[in-house]
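Written out below as structure tokens is the structure these notes cover.
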Protein chains: 2
Amino acid sequence: MAVKAKKQGVRRASVDDRRELILRAAVEVFSRKGYTGCRIQDVAKEAQVAYGLVYHYFKNKDELLESVFATGWKGFLKLVQAEIDREEHITARVRGIVGVAFEAYRRDPRAVKVLILEVGRSPAGGSVNRGGAFSQVILAAANMFKAAQQRGELPAQLEPVLCATMLFGAIEMGLTTFVMGLLDKRDEAAIARAQEQVVETYLRGVTAR
Amino acid sequence: MAVKAKKQGVRRASVDDRRELILRAAVEVFSRKGYTGCRIQDVAKEAQVAYGLVYHYFKNKDELLESVFATGWKGFLKLVQAEIDREEHITARVRGIVGVAFEAYRRDPRAVKVLILEVGRSPAGGSVNRGGAFSQVILAAANMFKAAQQRGELPAQLEPVLCATMLFGAIEMGLTTFVMGLLDKRDEAAIARAQEQVVETYLRGVTAR
DNA sequence: CTCCGCGCTGATTCCTGAATCAACGGCGCG
DNA sequence: CGCGCCGTTGATTCAGGAATCAGCGCGGAG
């Protein structure tokens, strides 16, 4: 097939390229079929690669899907953490976090769909502790809120953990609106407006008292 | 096995009882393993019923899972719709909707987990149009918000669809906090407080302007 | 008491998909 | 120029789960 030409005519694809290729294909299939519904066959086909090669790079299905998750989530986590750590008023940090999430969505809606919409709730979870990773972000955010309360930037009577979950809930559902086609995902202005509304509504709800 | 005695000693279980039994067992397994991960074997075992009986009542796996979904969702939908239809200020209706969701959670956390956390996003969906059902509620709520805007109960610049998704996002994540064990699900007071915070934060965010 | 029918059973069949493995071929090195 | 290494291939094996079906037994009718 014509596609393979790239690894002959051009310089031979490096190992990392192939691995990456499979990983990206897996994200694609994973996002379409879900954790258990994702078949190696499909991943291989999607990546234009032999069935066996998937097993060359990954011990088994679980490890592959785990990698998909870990890779994507790690990137997201780092960005969110950076926002959490910023030395600014809580409202600025919240704005930052929402910005990170929406930006990620703009860049790769499918990956976000996988991470935000499947992670932490997929009951079909393998051995993977994805829920744990999700909790990690929630708890990090919760700590941020708690500190903000101590600085008097946030009403003290709020439960920080709930503040965190509600923030991500708001983000998630804001994005879901597009993923599910309730709003037009190609309408850049609509996405921007959604981001705005999510931030403002959340902050107003959490701040005013 | 001793368990079967109930259909001998007592009056023979009616058809509906058995069907119901299987349905409930399916909810249980479904909530643990997810759509694709749910095996008929497990459902039968959970229901203390022969493997074949599942196929006596349901054409195939898809139809079973579809029934699980349809049944549970229909019930929830009806309650939510009732709240939506109430002739009251928008804040009262929102309170009602959140109340319905939390009450349902109190009654049957597992079923809620299935419905709220899997419905509408599970990419592993079979032929089922579950996303459609989810959209239905969102859109019904969105209409409610739009009407409220026209009555001046809500700022006009808000996108009603986003108001709706954010409401359910807030509810969902409020409940997720317990499902994921971030807050103690046996602590009734904590649940009540969570409900309170979800409602108040949401309303404040959406109302004040 | 006997026979029938209906709900129910679970071993069996068939098939899908995960994981293995023996072999291929291009590339670099001697 | 030939040899061996290593990334790659895809047919094959095997486990497990969906769906089938030939009958079983209890309750009721005659």
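FYI, side chains are in, hydrogens and waters are out, and symmetry mates aren't considered; it's all heavy atoms of this structure. Reminder, nothing fancy here: chain letters follow the sequence lines and each chain counts from 1.
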message: Other residues, nucleotides and ligands only: do more than 12 of their heavy atoms fall within 6.0 Å of NZ on B:Lys185?
response: yes
Output a table of nitrogen or oxygen pairs between the protein and nucleotides 18-22 of chain D separated by less than 3.5 Å.
unit_1	atom_1	unit_2	atom_2	d
D:dA18	OP1	B:Lys61	NZ	3.4
D:dA18	OP2	B:Ile40	N	3.2
D:dA18	N7	B:Tyr51	OH	3.2
D:dA19	OP2	B:Tyr55	OH	2.8
D:dA19	OP2	B:Lys61	N	3.1
D:dA19	N7	B:Tyr51	OH	3.2

- line: Between NE2 of A:His56 and P of C:dA19 the distance, given in whole Å, is 17 Å
message: Please enumerate all residues that pass salt bridge (Lys or Arg N to Asp or Glu O under 4.0 Å) together with B:Glu159, with sequence neighbours excluded.
response: none
query: Can you tell me how far P of D:dG10 sits from CG of A:Leu53, to the nearest Å?
result: 11 Å
Atom-pair distance (CG on B:Asp17; C1' on C:dC8), nearest Å: 15 Å
Distance, rounded to the nearest Å, where B:Lys45 contributes NZ and D:dG16 contributes C1': 12 Å
query: Over how many whole Å does the gap from A:Gln48 atom CD to D:dT9 atom C1' extend?
result: 15 Å
task: Let me know the distance between OH of B:Tyr57 and P of C:dC6, rounded to the nearest Å.
output: 13 Å
Those residues that, when tested against B:Glu87, pass side chain to side chain contact (heavy atoms under 4.5 Å, CB included) (two or more places apart): none
- request: Using atom CG of A:Asp42 as one end and atom C1' of C:dT16 as the other, report the distance to the nearest whole Å.
  value: 12 Å
Which pairs would a plain distance check flag for residues 96-106 of chain A, meaning a side-chain donor or acceptor within less than 3.5 Å of a matching protein atom at least two apart in sequence or in another chain?
unit_1	atom_1	unit_2	atom_2	d
A:Glu103	OE1	A:Arg106	NE	3.3
A:Arg106	NH1	A:Glu188	OE2	2.9
A:Arg106	NH2	A:Gln195	OE1	2.6

task: Please tell me which of the listed nucleotides, D:dT9, C:dG10, D:dT8, lies nearest to the side chain of A:Val49?
output: D:dT9
Partners passing salt bridge (Lys or Arg N to Asp or Glu O under 4.0 Å) against A:Asp108 (at least two apart in sequence or in another chain): none
- request: Under the side chain to side chain contact (heavy atoms under 4.5 Å, CB included) rule, collect the residues that match up with B:Glu196, sequence neighbours excluded.
  value: B:Glu200
